[in-house]
Amino acid sequence: MADDNQESETEAESEDDETEREGERVMSREDGAGIFREVADGVENGTIDIEGEDGFTVAVPEHFELEVEYEVTDDEAEFEVELEWPMEDGEPVSPDE
């Protein structure tokens, strides 16, 4: 099992000019809740700032699609929260309602 210091981050760019950043590490519920609070504050304010060596900033439009997924198998449970919106000329735009 991983410890609290293990961290994995990746960034990939596809042929479609798609950039993906992903980070993963084991942490306490308290630390995880703190990150969710920071993300929630960023969504409310329109800008999510992910700090750290490979940090980034995300501009969030006024409206977006929210997907919540919970998946359980015999040996693992996964809970995902995903925000999605269209982009035009590199800028976020609210999806049609």
Side-chain angles (χ1 to χ4, degrees):
M1 186 93 189
D3 64 12
D4 284 341
N5 295 325
Q6 184 176 357
E7 185 171 343
S8 171
E9 293 193 24
T10 61
E11 178 177 352
E13 189 166 331
S14 74
E15 294 177 14
D16 297 330
D17 292 331
E18 176 183 295
T19 299
E20 182 176 309
R21 295 177 187 234
E22 185 175 306
E24 184 177 301
R25 73 176 182 177
V26 175
M27 65 180 61
S28 68
R29 285 194 313 236
E30 181 180 353
D31 290 344
I35 290 172
F36 275 119
R37 285 185 194 96
E38 288 178 17
V39 169
D41 289 345
V43 168
E44 188 171 37
N45 295 322
T47 304
I48 301 170
D49 288 313
I50 303 298
E51 297 180 0
E53 185 177 319
D54 295 316
F56 52 92
T57 299
V58 178
V60 181
E62 188 67 30
H63 296 92
F64 52 85
E65 181 180 323
L66 176 69
E67 178 182 333
V68 178
E69 180 181 334
Y70 178 55
E71 182 179 339
V72 179
T73 63
D74 288 339
D75 61 350
E76 184 177 68
E78 185 175 305
F79 180 79
E80 292 183 15
V81 177
E82 182 175 301
L83 291 82
E84 187 174 321
W85 55 84
M87 301 285 284
E88 288 182 9
D89 297 324
E91 297 294 323
V93 294
S94 294
D96 295 333
E97 293 184 42

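Below, all heavy atoms of this structure are taken into account, side chains as well, without hydrogens, waters or symmetry copies.
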Legend entry - Glu65 side, atom CD; Asp96 side, atom CG - distance, nearest 0.5 Å: 12.0 Å

Would you be so kind as to tabulate the donor-acceptor pairs closer than 3.5 Å made by side chains of residues 77-95, with sequence neighbours excluded?
residue : atom : partner : partner atom : Å
Ser94   : OG   : His63   : N            : 3.0

Distance-only criterion, 3.5 Å: show the donor-acceptor pairs between side-chain atoms of residues 36-52 and protein atoms not counting sequence neighbours.
residue : atom : partner : partner atom : Å
Asn45   : ND2  : Asp41   : O            : 3.0
Asp49   : OD1  : Thr57   : OG1          : 2.8

